[in-house]
Amino acid sequence: MNLFAETRALVIGALNDMVAAGELPAGLDFAAVAVEPPRDAAHGDMATNAAMVLAKPAAMQPRAIAETLAARLKGRGGITSAEVAGPGFLNLRLAPASWQAVVRAVLGDGGKFGRSDLGRGTKVNVEFVSANPTGPMHVGHTRGAVFGDALASLLDFAGYGVTREYYINDGGAQVDVLARSAFERYREANGLSPEIAEGLYPGDYLIPVGEALKEKYGASLLDQPESVWLVDVREYATAAMMQMIREDLALLGVEMDIYSSEKSFYGTGRIEAALERLRGLGLVYQGKLEPPKGKLPDDWEEREQTLFRSTEFGDDQDRPVQKSDGGWTYFAPDIAYHYDKVERGFDVLIDVWGADHGGYVKRMKAAVSALSEGRVPLEIKLIQLVKLFKNGEPFKMSKRAGTFVTLRDVVEQAGADVTRFVMLTRKNDAPLDFDFDKVLEQSKDNPVWYVQYAHARVRSVLRKAAEAGIAVDDATLAGADLGKLGHEAELALARKIAEWPRLVEIAAKGQEPHRIAFYLYELASDLHAHWNRGNEDITLRFIQEDTATSQAKIALARAAGVVISAGLGILGVTPAEEMR
RNA sequence: GGCCCCGUAGCUCAGGGGAUAGAGCGGCCGCCUCCUAAGCGGCAGGUCGCAGGUUCGAAUCCUGCCGGGGUCGCCA
């Protein structure tokens with residue numbers, strides 16, 4: 001039940017009646033007509049811009065349209081008043097029964113309240129994390145993982161058919177480096193001193209891999225040349241890293257539907273097939289690139305190479321798909337992989353990348369546009385850096401010194417719920433400060449805690465009521481006499497709850513899960529405010545002498561709790577039962 | 001130098017065509033014999049980086065500039 005959508009339908013209906021009555025010209029487009037919460041609650045419950053939007057196409061004065069519309073709307077649905085204001089806004093007020101019906105709907109629908117069919121089952125592939133299988137996941141990956149997972153949940157909630165996917169970069173030079181690094185640890189396990197040369201991965205996490213290799217191969221590989229062991233060691237080490245990454249993701253509560261392998265595109269003709277398709281469209285050719293403007297790289301030399309004509313799609317220059325040694329650039333398997341996703345029948349592709357990959361957005365979008373012949377949009381969400389703090393002091397990270405903070409470090413110190421919520425309190429394209437002390441603070445300064453506390457308070461009320469012998473199961477509460485919820489403060493909370501379905505759609509359309517976190521904070525704030533009113537006005541407490549009154553008021557609290565719980569569910573955060 | 005992101009209250013950030021631009025923190029003043037005061041209310045605080053443009057209307061869209069960050073063929 002989306003009261004805003006329902007009211008908008010009333011407005012559209014009234015507009016159509018005006019057309020039929022000759023009060024508006026025929027053929028108007030009502031798409032831009034919106035019904036929204038007003039900026040200032042004093043203006044009313046909802047506001048529509050209909051008169052202002054239609055004034056120009058109808059060649060009429062906005063206030064004239066608004067006056068007629070107001071007259072037609074009064075009394076329809078739960079609309080009790082419609083007043084023209086400002087430049088042509090129409091401010092609407094709804095009867096208490098409308099808001100009470102929302103509370104009843106929440107109790108009836110439970111966690112499904114706010115679900116939408118906005119997506120109409122559109123098949124969306126969300127590819128995220130896709131960390132190289134060369135080591136543990138670090139903080140940057142953590143934010144990408146949380147964002148991608150929450151976005152996927154949000155889209156699912158809004159009616160899309162969502163697939164969570166991880167692309168394993170197991171085909172490039174970096175996994176050869178991994179193999180060499182693991183081989184040194186294997187030598188170490190055999191009692192030799194490892195030589196971690198410049199460019200190899202020095203982390204301790206490869207020590208157990210070396211030991212496992214010793215278990216498997218004994219000393220048999222020690223004197224062998226790289227050509228003998230590279231493939232096997234690489235395979236083993238990559239699998240071990242992926243195992244570690246899956247465990248890290250599990251710690252965060254992230255579960256992928258599909259893991260796709262870059263390697264599976266090599267030597268199978270799949271890269272060639274994708275490029276062949278592009279070549280057939282005249283988009284792959286042999287040619288030379290202009291040198292980059294500004295300062296040239298020291299070793300720049302012009303050479304002919306295989307290029308993808310991404311400039312056709314707005315990129316700054318065409319992009320090479322083959323290296324000078326004849327091997328593929330990373331871009332080539334990426335093209336094949338995205339072609340594969342298109343071929344699997346997705347209607348929309350979403351990639352979640354680190355912001356440092358921003359330079360590759362245009363070429364990837366170009367490739368998908370070409371491969372799908374413009375049918376499948378690719379949205380790329382860039383995730384900005386996470387800056388770590390402790391005691392307000394920046395945390396220095398250095399991969400070389402091995403002091404980089406892993407996902408595991410963060411989750412073990414802050415907990416998965418806190419980590420997830422905090423990482424969703426910023427837009428994906430804004431940098432995020434993560435302070436280990438602040439996120440664990442138990443006060444209203446900490447949004448995670450604040451929202452959890454609101455939910456815990458609702459649970460507390462339900463427990464107290466049950467102890468007092470009041471039936472508080474959802475079915476009973478849904479059947480309560482909600483007409484008793486007449487106080488302005490109670491209706492205000494109900495109005496906030498009523499915004500939830502609308503907010504879900506806005507967040508899903510914008511692919512912005514952070515909006516959920518901000519809404520939950522506002523809802524929690526309203527609940528805390530209402531709770532405190534009970535201090536001054538005993539009649540506003542949830543538990544009253546009279547059982548029927550108690551049930552009505554508890555229904556309101558429970559409805560808030562249900563929405564908080566659903567919202568936290570989208571963010572992947574467990575709602576707290578109590579704060580002890 | 002090209003491209004991308006950002007610039008909103010002292011600080012951290014929401015808002016991304018509509019009404020007098022919001023929240024939290026910090027500052028000041030209040031509220032517990034009462035379901036968790038780990039909370040709530042109020043006051044003070046703004047040339048929405050600058051300059052043009054589009055529009056009935058711009059923090060929001062367009063252009064240019066300034067400032068910060070990222071990135072720039074054979075690493076992914």
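Proteins get letters first, then strands, A, B, ... in listed order; numbering begins at 1 in each.
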Nearest to the side chain of [X], heavy atoms from C-beta on, is which of [options]?
X	options	value
A:Phe518	B:rC25, B:rC13, B:rA23	B:rC13
A:Met579	B:rC74, B:rG15, B:rU36	B:rU36
A:Asn532	B:rC4, B:rC40, B:rU36	B:rC40
A:Asp445	B:rC25, B:rA38, B:rC3	B:rC25
A:Ile543	B:rG18, B:rC4, B:rC35	B:rC35
A:Trp449	B:rC72, B:rG16, B:rA38	B:rA38
A:Ala47	B:rA19, B:rA38, B:rU36	B:rA19
A:Tyr521	B:rC4, B:rA21, B:rG24	B:rG24
A:Lys444	B:rA14, B:rC35, B:rC25	B:rC25

*asked:* Tell me whether the rings of A:Trp449 and A:Tyr453 are parallel (<30°), tilted (30 to 60°) or perpendicular (>60°).
replied: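 The arrangement is tilted - the two ring planes meet at 30° to 60°.
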May I ask you to evaluate whether [X] reaches the phosphate of [N], defined as a side-chain N or O under 4.0 Å from OP1 or OP2?
X	N	value
A:Lys323	B:rG73	no
A:Lys427	B:rC5	no
A:Lys56	B:rC56	yes
A:Tyr519	B:rA23	no
A:Ser460	B:rC35	no

Pairing of [X] and [Y] as salt bridge, 4.0 angstrom limit:
X	Y	result
A:Glu505	A:Arg515	no
A:Asp445	A:Lys438	no
A:Asp435	A:Lys390	no

_Tell me whether the NZ or CZ atom of A:Arg319 lies within the 45° cone about the ring axis of A:Phe308 and under 6.0 Å from its centre._
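The answer is no, since A:Arg319 fails at least one limit relative to A:Phe308.
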*Please indicate yes or no: is the ring centre of A:Phe89 less than 5.5 Å from the centre of the six-membered base ring of B:rA19, with the two planes inclined by under 30 degrees?*
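By the stated criterion, A:Phe89 and B:rA19 stack.
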_Tell me whether the ring of A:His528 lies stacked over the B:rG39 base, given a 5.5 Å limit on centroids and a 30° limit on the plane angle._
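The ring of A:His528 is not stacked on B:rG39.
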Under 4.0 Å, heavy atoms only, any strand: does [X] hit a base, just the sugar-phosphate, or nothing?
X	value
A:Arg515	sugar-phosphate
A:Asp429	sugar-phosphate
A:Ala85	base
A:Gln174	sugar-phosphate
A:Arg426	sugar-phosphate
A:Asn91	base

Taking atom [atom1] in both [N] and [M], compute the distance separating them and give it to the nearest angstrom.
N	M	atom1	answer
B:rC3	B:rU8	C1'	26 Å
B:rC61	B:rG16	C1'	10 Å
B:rG27	B:rG64	C1'	40 Å
B:rA9	B:rC4	P	26 Å
B:rU55	B:rG68	P	35 Å
B:rG49	B:rC40	C1'	37 Å

Using Watson-Crick or G-U wobble geometry with both distances below 3.5 Å, tell me the partner of [N], or none.
N	result
B:rG24	B:rC11
B:rG64	B:rC50
B:rU71	B:rG2
B:rG17	none

_Contact nearer the 5' end of RNA chain B, comparing A:Tyr450 with A:Arg463_ =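 On the 5' side of the pair lies A:Arg463.
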_Close side-chain approach of A:Leu556 to A:Ile497, heavy-atom, < 4.5 Å_ =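 Side-chain contact under 4.5 Å: yes.
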*Are any of the side-chain heavy atoms of A:Gln286 and A:Leu307 separated by less than 4.5 Å?*
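They are not in contact (no side-chain heavy atoms under 4.5 Å apart), so the answer is no.
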Between [N] and [X], counting only base atoms on the nucleotide and side-chain atoms on the residue, is there a donor-acceptor pair under 3.5 Å?
X	N	result
A:Asp356	B:rA76	no
A:Lys288	B:rG73	no
A:His514	B:rA14	no

*Determine if the base of B:rC4 is syn or anti; take syn to mean the glycosidic torsion is within 90° of 0.*
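Chi for B:rC4 falls in the anti range.
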*Out of curiosity, A:Ile470 CD1 to A:Thr547 OG1, how far, rounded to the nearest 0.5 Å?*
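With rounding to 0.5 Å, CD1 (A:Ile470) is 5.5 Å from OG1 (A:Thr547).
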